[in-house]
Every structure is written in C-alpha cells, then in structure tokens.
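Heads up, the thing below is written out as structure tokens.
Residue numbers start from 1 in every chain, and the chains themselves are labelled A, B, ... in the order their sequence lines are given, proteins ahead of strands.
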2 protein chains.
Amino acid sequence: MSSTIPFHETLDLTLCGSMGRVHRLCRDAVTLAVEPLGLTQSRWTVMIHLFHLNQGCTQQELAHSLGIEMPSLTRTIKQLEQQQIIVREADAEDKRSKRLYFTEQGLNLLETLRVIIADVKQNLYADLTTNQLDTMAHGLVQMEKNARQCINHYSGDK
Amino acid sequence: MSSTIPFHETLDLTLCGSMGRVHRLCRDAVTLAVEPLGLTQSRWTVMIHLFHLNQGCTQQELAHSLGIEMPSLTRTIKQLEQQQIIVREADAEDKRSKRLYFTEQGLNLLETLRVIIADVKQNLYADLTTNQLDTMAHGLVQMEKNARQCINHYSGDK
DNA sequence: TCCAATTACTTAGCATGCTAACTATTATAT
DNA sequence: ATATAATAGTTAGCATGCTAAGTAATTGGA
C-alpha cells in the first residue's frame, strides 16, 4: 500500500502529536457519553482499570496498570471515595498499603459504565480492521519501549 | 499474523490509554534531549509547527495545525515571546489577527532543535517498519474522525 | 448607515498529568 | 538490635490541555 511516499513521513513528530490528540478526543467522547453518571475522564478510567484488576488491589498496582504516577492516582481515588464509589481499606499485613474495593453503589455504576463504553468503543473503532488495530496496539507497545529507553539514555541513568 | 486472539481485544479501551501514555513518554524523551535549550514540551512543539507552516501565519492557523485550542496556544506564545524566540506582529489588513515570526535568535535555536529531534525520532521509531508506521498514522487519522463524530453525536449537535 | 453577529485573541479558572519532598511502615545490613 | 534503605501513600505546586466569558475589530443585514 505504500508505493507512494509513506504517509507518516509527512508527519515529522506529528505522529506523536496525533496520539495525544486522538487520546484526548477518545476520552472526551466517552466522558460525554457517560456524562449522566457524573464521572470525569480520570474517574471512569480508574473504575475500568480497577474492574480489570482484581478488586482488592493496591493503589500501587492500579497506578501501574494505568501507567500513571501515584500522586495522580491519589487525587482521583479521593474523589471516587467521596462519591462513595470505592473504599480504601488498610492492608492488615502491610500497614503502608491500602486495598481498593467498589462499594455496592460503585458496582452498579460500573455496570452502566461498561455498557455505555462498549457502545462508544464500537464507534471509535469503526472502519478499522482487526489487523489495523492489532498493528497499532503492537506499534504503541514498541514505541513505549523505545521512549523509555530514550528517556533513560538522555537522563544518563545506569 | 492474528491466528491467535487479536492483541487489541485484550485492551478494552486501553488502546486509548496507551496512546496517551506513549504521547507523554515521547514528549518527555524529546524534552529531556532538548533540555539544554530551556524549552518545555509545549514550547518546542509550537516551534516545530511554526517551522512547518509558513512563518507569518496567524495564531489561529497555528492552533489548528497543533490541534489545540486558542487559549492553550496563547499561553505558550507568550512564553516564547518572553524568551525572544518569536515575535507577534499585528496584521495590517485585519487588526484582530497577529502574525508570528521567529526572531534571529529563534531561528538559530530552531536549527539546533531540529537536529536533536531528528535524532530522538530515530530512536522512538526504532524497530518499527515503514508499513507499521504508516498503518498507525492512517489508523490515528481514522480514529480522530470517528471520535469527532462520536462527540458530535453525544453532544446532540445539529 | 448602523446595530447584531462573527471572528481573533485574551483572561480566568478547572482537570489531570508530573516531580519533589514528607510521613509512616517495612526490610536490610552491620 | 538498631540504624539505614526502600516502599506505599500523601501533599504541594507546576505544565498543558480545556471551557466560559470578555474585548476589539470586522462583516452583514435591516
């Protein structure tokens, strides 16, 4: 399909900018769709990841799953706790850790959320073939690896 | 290549999260590499886009090229102006518009910036084939289109 | 011609990512 | 056994995206 000049060559680093933009737009789309539930981007994202992990995971594990740093998560967790969607319980073994659980109410909200998201997801992925999506997913993983190496290189770490 | 379960299926909406993460990491990598130049992510990004457009473009045009909103750009422009990297000149025809130009100093900085970025880019795209990058670029464009439609749909516009 | 709508830009303030620095707990090494 | 390291979480404050609302200039219709 590339007998012509490869499309990405015209983009300089714009591939990267493109990802940021698409990311924002996808999250905006979902956030709009779930607006009636009173959830922001970071809040529904945390809920989905907590669903995919086991309930009872630590904040550390959740932050890792999300690919964000702890302080970013702390803020969102606090909001979800205030909305009584999740609860934090200190781990008996290791008193530093806190384990996260959905409340009854939170589980109900989660169900609704998942239904809506499944729908939005179909729209977002429309006209993209399975192979295309697969290539993108793999490419992103590779780029993530590259970027981390790059960062290590430039920050002069061991 | 997908006789097994397609990789992206395991990701739920994580493809979207992945993009956000890779976007942040790529920008971090470049920002680290250009650290000696005293530029933040938003500032070097604006410089690169201004380079690709014609100098003398309006803020409107630049914001569109960047895919960000005007207020986000205004802040960055102001910083670049304070660093004497670019200047804003009121358009003679339409006094509402301001046209953007690199200063002498800004042009020199731009050259250095471009050299460094070309290098980082190579590292970021390492081990990705041209076809892969192409597929990703096209996929992103399609997803951006989908997301915008989605947003229009859910915001109940005309 | 002149008032209303539109456009380019700005300002103010929010959302969500980050790093740096703090506390409390646990693990390690002498 | 105890002092030092590391780890989980928090707090404070920055960077950069956004929307809403304001100003000044332009356009367009009565």
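Remark: K78(B) is not in phosphate contact with dC9(C), judged by side-chain N or O atoms under 4.0 Å from OP1 or OP2. For dC9(C), the OP1/OP2 oxygens have a side-chain nitrogen or oxygen of Q60(B) closer than 4.0 Å. Side-chain N/O atoms of T74(A) include one lying less than 4.0 angstrom from OP1 or OP2 on dT10(D). Within the 4.0 Å cut-off from OP1 or OP2 of dT10(D), at least one side-chain nitrogen or oxygen of K98(A) is found. In this structure, R99(B) does not reach the dC9(C) phosphate: none of its side-chain N or O atoms is under 4.0 Å from OP1 or OP2. Residue S97(A) places no side-chain N or O under 4.0 Å from the OP1 or OP2 atom of dT25(C).
Residue contacts shown for S42(B) are limited to sugar-phosphate atoms, with no base heavy atom under 4.0 Å away. Across all strands shown, R27(B) has heavy atoms under 4.0 Å from sugar-phosphate atoms exclusively, and none from any base.
Pair check for dT7(C) finds dA24(D); Watson-Crick or G-U wobble, both atom distances under 3.5 Å. Across all strands shown, dT26(C) forms no Watson-Crick or G-U wobble pair with both key distances under 3.5 Å.
Nearest nucleotide to the side chain of E69(A), out of dC18(C), dT16(C), dC18(D): dC18(C). Among the nucleotides dA12(D), dA20(D), dC9(C), the one closest to any side-chain atom of P71(B) is dA20(D). Among the nucleotides dG17(C), dG17(D), dT16(C), the one closest to the side chain of Q41(A) is dT16(C). Closest to the side chain of R96(A), from the set dT10(D), dT25(C), dG17(D), is dT25(C).
Regarding Q59(B), its CD atom lies at a distance of 9 Å from the C1' atom of dT10(C), rounded to whole Å. As a whole-Å value, the separation of M70(A) CE from dA8(D) P is 7 Å. For the pair R21(B) CZ and dT16(C) P, the interatomic distance rounds to 17 Å; values are reported in whole Å.
There is no path of hydrophobic side-chain contacts, each under 4.5 Å, that joins L110(A) to V87(A).
A salt bridge between R88(B) and E81(B) is present, with a side-chain N of the basic residue lying under 4.0 Å from a carboxylate O of the acidic one.
In this model, no donor atom of one side chain and acceptor atom of the other lie less than 3.5 Å apart for R99(B) and Q55(B). E61(A) and N54(A) share no side-chain donor-acceptor pair at under 3.5 Å.
Here the side chain of T31(B) pairs no donor or acceptor atom with the backbone of T40(B) at under 3.5 angstrom.
Contact annotation: side chain of R75(A) to base of dG17(C), donor-acceptor pair present below 3.5 Å.
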